[in-house]
Amino acid sequence: MPIPVRRTRRVRLSCRTLVAAATAALMTALVSPTGARADAGPGESQPVHSYADAIRESVWVDTGLDGDGDGRTDRVAVDIVRPRESAAAGRKIPVIMDASPYYACCGRGNEGQKKTYDAAGNPVQFPLFYDNYFVPRGYAFVAVDLAGTSRSDGCDDVGGRSDVQSAKAVVDWLNGRARGWTTRTGSERARATTWSTGKVGMIGKSWDGTVANGVAATGVDGLETIVPIGAISSWYDYFHSQGAPLYDANPTWLSSYVNSPEAKARCGAVQERIRATTPYSGDWTPAWSERNHVPDAGKVKASVFVVHGQQDLNVRANQFGQWWDAPLTDVGGTPAAQGVERKIWLSQTGHVDPFDFRRADWVRTLHRWFDHYLLGYDNGIDREPMADIERAPDRWTTDRVWPPTTTEPTTLRPGTGAAPGVGTLGRAPAAPGATETFTDDPGLGETDWAARIDETTPAKAGFVTRPLTRDLRISGSSRVTVTATSTTATAHLTAVLVDLGPDTIRDYAAAGEGITTLTERSCWGASTSGDSACFKETKARTADVDYTVVSRGWADLGTWADPRKGRPLTPGTAYTITLKLAATDHVVPAGHRLALIVGGTDKDLLDPPSTRPTITLDLARTSARLALVGGADAFVRATTGPGVARPAAPTGQTLTGVGQPRSDHPIPGSLR
């Protein structure tokens with residue numbers, strides 16, 4: 001567990017002291033930054049191996065593919081660090097693996113760490129803390145360069161077969177089912193079965209976690225667990241949402257960013273194929289099917305520990321939602337026939353690693369998770385609450401299963417209000433013929449609409465409950481169905497759920513997406529001169545707000561008949577379409593109101609259509625089906641009885657909504 005570099009109330013140790021301590025003691029009582037003891041408890045792996053003396057080596061594993069068309073199968077670079085003591089004793093050990101395209105181009109973690117090598121090409125620095133912390137505890141850490149990146153052959157294909165096979169081949173090699181070589185082009189074989197148990201746990205944030213999802217969806221033997229952090233489950237939904245283009249809606253810019261200089265020179269045909277088979281129109285193609293892991297979720301045999309920021313507007317929360325909702329387990333969290341066990345952490349952050357928003361608990365939990373699934377320790381983590389949810393900055397609650405077993409889809413309906421564009425939201429259907437009208441304004445978005453929810457504005461239709469008399473919890477995936485008429489042949493729709501009321505939240509819109517990086521460092525494992533275990537500390541960055549966006553979803557109205565293919569609209573004709581909202585877990589407190597907003601182009605999140613339509617909603621045929629804990633009864637109880645006064649703003653503070661995290665398209669590499 002951690003030792004702070006700077007002084008705490010109990011100890012003061014330097015990184016140099018850490019190196020000596022890690023190599024000397026069988027077991028050392030350490031102190032966390034908060035002063036809490038962090039001794040390894042019963043049934044936990046101990047830091048008894050020397051990190052300084054660990055074996056560091058590189059192997060190239062044959063993928064069986066020839067992505068760059070050079071006539072020979074591609075080999076991916078695999079950098080390994082493992083305890084020398086285990087090797088000397090002939091003991092086999094499990095593997096923690098992070099397969100990434102970012103080790104050379106962009107780096108990993110909050111400090112952008114890259115792999116480094118000595119003059120002979122041997123690995124020196126492994127990014128992040130996994131090697132520093134887990135190698136002394138008897139694990140090997142393996143860092144894989146995806147095909148086309150860093151020192152690997154081939155071409156990166158952004159989530160396609162090459163990405164998945166890059167990592168799956170390494171799992172196979174660790175189990176003796178694939179060939180490895182001591183050099184990139186040589187013929188000397190490298191074998192892992194002399195030291196590897198074959199048990200592998202894959203971990204990684206963003207693209208790295210996406211690869212873990214993809215490999216798990218192959219059902220490969222030996223992959224015992226995955227820990228996807230802010231990861232993609234379907235690449236189509238990273239670039240589009242039901243036909244509506246999100247950001248720069250073509251994956252070629254990502255492959256250009258991560259491909260090595262050699263790959264850029266030889267992978268033009270692959271780039272062109274990606275561009276041609278993933279059209280900007282948003283129509284579904286076989287290329288998207290290849291990059292969609294959700295249909296293969298039933299093949300997953302590994303346990304799954306999902307971590308995601310509910311305000312992640314890079315890898316949006318629908319990505320974990322549809323992966324979680326896939327048939328990994330039966331209803332109520334009971335393991336399905338394949339025996340998949342799951343755990344989930346949902347934070348208030350954006351695209352942030354849990355090491356940077358809940359560090360001590362994260363390392364402790366991950367340690368126990370890997371000990372259980374890779375070393376077989378019966379430490380009880382599989383019997384603990386399934387879900388940890390951040391309710392306020394640094395304040396967490398737990399649930400035995402997630403979503404809770406009392407969650408029920410509940411239909412809410414919009415109605416007309418006292419003024420145009422300011423309607424009601426409740427259980428009663430709107431009167432036949434009731435409508436609301438707005439005009440798409442690509443210069444506005446969800447926060448602009450929410451800030452003026454009680455005003456008649458031309459760019460949105462808003463529907464609001466009365467102030468709640470009890471807390472109301474939304475937990476899971478929801479959807480909104482609208483019947484809309486457009487004045488033009490193209491139209492985008494956005495649906496947003498908003499909690500109207502003052503609160504203090506993580507400022508996900510600011511730099512850091514909910515965290516502030518400090519100058520102080522704390523150390524998590526053992527260090528060498530070339531690979532420090534000491535990382536900059538962080539703290540929550542907060543904002544006082546008078547509304548909180550809870551969930552959102554987007555669609556091109558032209559996909560009304562088929563979500564996989566758009567078609568021109570006939571102006572004046574009514575179309576019915578269902579927008580899938582991102583999964584969430586949010587409590588709307590008593591005294592607040594719940595709002596549903598329907599608008600057009602969501603600024604900074606959608607590319608605008610070629611026209612600016614005026615859209616009319618048929619309210620009698622529009623509804624929201626929300627995942628409410630307690631179902632319809634809970635909603636009725638929360639919207640009846642004596643009203644609760646809306647909390648006042650803190651004295652001397654002005655409550656404002658959190659704006660979007662970007663004012664234009666994200667720069668290449670934002671998926672990191």
Side-chain angles (χ1 to χ4, degrees), residues 96-103 106-113 127-131 133-134 141 143-144 146 159 163 167 200-217 223 225-235 238 293 300 302-324 328 342-370 373 386-390 396 402 506 508 512-515 524 535 538 582-583 585 669-672:
I96 297 169
M97 184 167 83
D98 187 344
S100 177
Y102 289 127
Y103 284 130
C106 325
R108 306 308 297 128
N110 195 23
E111 299 177 49
Q113 289 188 321
L128 307 177
F129 77 99
Y130 307 132
D131 56 313
Y133 187 84
F134 285 105
F141 177 67
V144 181
L146 297 188
D163 267 14
V200 181
M202 291 187 66
I203 189 170
K205 177 192 168 192
S206 200
W207 198 331
D208 306 17
T210 304
V211 175
N213 283 342
V215 176
L223 183 60
T225 189
I226 61 170
V227 186
I229 302 165
I232 293 168
S233 57
S234 169
W235 280 90
Y238 182 74
H293 308 311
V300 174
S303 61
V304 180
F305 186 175
V306 170
V307 181
H308 215 103
Q310 297 189 78
Q311 297 293 359
D312 189 341
L313 296 180
N314 184 343
V315 179
R316 291 158 292 278
N318 63 309
Q319 295 283 356
F320 89 81
Q322 60 194 2
W323 185 240
W324 191 266
L328 291 171
R342 299 187 296 174
K343 191 172 184 65
I344 189 167
W345 279 16
L346 297 177
S347 74
Q348 281 195 350
T349 67
H351 199 54
V352 181
D353 192 293
F355 189 73
D356 293 321
F357 63 71
R358 200 187 185 193
R359 187 168 294 182
D361 286 337
W362 172 241
V363 177
R364 177 184 60 83
T365 304
L366 191 64
H367 181 186
R368 297 178 65 235
W369 184 264
F370 283 144
Y373 289 104
M386 177 184 288
D388 282 31
I389 314 294
E390 189 176 26
W396 294 76
W402 193 85
R506 284 188 183 261
Y508 65 89
E513 300 186 52
I515 65 167
W524 300 80
F535 300 86
T538 67
D585 197 299
S670 64
L671 182 54
R672 291 184 287 146

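Counting begins at 1 with the first residue of the sequence. Note that these values count all heavy atoms, side chains included, but never hydrogens, waters or copies made by symmetry.
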Say you draw a straight line from [atom1] of [X] to [atom2] of [Y]; how long is it, rounded to the nearest 0.5 Å?
{"X": "Phe129", "Y": "Phe141", "atom1": "CZ", "atom2": "CZ", "answer": "9.5 Å"}
{"X": "Ile389", "Y": "Trp396", "atom1": "CD1", "atom2": "CH2", "answer": "7.5 Å"}
{"X": "Arg358", "Y": "Asp388", "atom1": "CZ", "atom2": "CG", "answer": "4.5 Å"}
{"X": "Ile203", "Y": "Met97", "atom1": "CD1", "atom2": "CE", "answer": "12.0 Å"}
{"X": "Gln348", "Y": "Phe357", "atom1": "CD", "atom2": "CZ", "answer": "10.5 Å"}
{"X": "Leu346", "Y": "Asp585", "atom1": "CG", "atom2": "CG", "answer": "6.5 Å"}

Check whether any side-chain heavy atom of [X] lies under 4.5 Å from a side-chain heavy atom of [Y], and answer yes or no.
{"X": "Trp345", "Y": "Thr365", "answer": "yes"}
{"X": "Val227", "Y": "Tyr373", "answer": "no"}
{"X": "Tyr102", "Y": "Asp208", "answer": "yes"}

**Study point:** Asp131: partners by salt bridge (Lys or Arg N to Asp or Glu O under 4.0 Å), with sequence neighbours left out
**Key:**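 By the salt bridge (Lys or Arg N to Asp or Glu O under 4.0 Å) rule, Asp131 matches no residue at all.
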
Heavy atoms only: give me the nearest [X]-[Y] pair and the separation to one decimal.
{"X": "Ile232", "Y": "Thr210", "value": "N-OG1, 2.8 Å"}
{"X": "Ser303", "Y": "Thr225", "value": "OG-OG1, 2.6 Å"}
{"X": "Ala583", "Y": "Gly321", "value": "CB-CA, 3.7 Å"}
{"X": "Gly209", "Y": "Ala231", "value": "C-CB, 3.4 Å"}
{"X": "Arg342", "Y": "Met386", "value": "O-CG, 3.6 Å"}
{"X": "Asp312", "Y": "Gly230", "value": "OD2-CA, 4.4 Å"}

Review point. Are the aromatic ring centres of Trp235 and Trp207 under 6.0 angstrom apart?
Key: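 Yes: the rings meet the under 6.0 Å criterion.
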
Those residues that, when tested against [X], pass side chain to side chain contact (heavy atoms under 4.5 Å, CB included) (two or more places apart):
{"X": "Gln322", "result": "Ser233, Ser234, Asp237, Val294, Gln319"}
{"X": "Ala216", "result": "Leu223, Ile226, Val300"}
{"X": "Ala217", "result": "His293, Asp296, Trp323"}
{"X": "Asp353", "result": "Tyr130, Lys205, Ile229, Phe355, Asp356, Trp362"}

Review point. If only atom types and distance count, is the side chain of Glu513 paired as donor or acceptor with the main-chain N or O of Thr349 below 3.5 Å?
Key: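 Looks like no, no N/O pair under 3.5 Å.
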
Review point. When the ring planes of Phe134 and Phe370 are compared, do they come out parallel, tilted or perpendicular, using 30° and 60° as the limits?
Key: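 The arrangement is perpendicular - the two ring planes meet at more than 60°.
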
Point to revise | Trace of the salt bridge (charged side-chain N to carboxylate O under 4.0 Å, His left out) decision for Glu390 with Arg506 | key: CA-CA 10 Å; Glu390 189 176 26; Arg506 284 188 183 261; 2.8 Å; yes

Check your understanding: Is any NZ, NE, NH1 or NH2 atom of the basic residue among Asp98 and Arg108 found under 4.0 Å from an Asp or Glu carboxylate oxygen of the other?
Key ->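 A salt bridge is absent here (no side-chain N lies under 4.0 Å from a carboxylate O).
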
Review point. Do Arg316's NZ or CZ and the ring of Tyr238 fall within the cation-pi criteria of under 6.0 Å and 45°?
Key: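 Ring-cation test returns yes.
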
Exercise for review: List in chain and number order the residues that pass ring-ring contact (aromatic ring centres under 6.0 Å, His included) with Phe320, two or more places apart in sequence or in another chain; answer none if no residue qualifies.
Suggested key: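 By the ring-ring contact (aromatic ring centres under 6.0 Å, His included) rule, Phe320 matches His308.
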
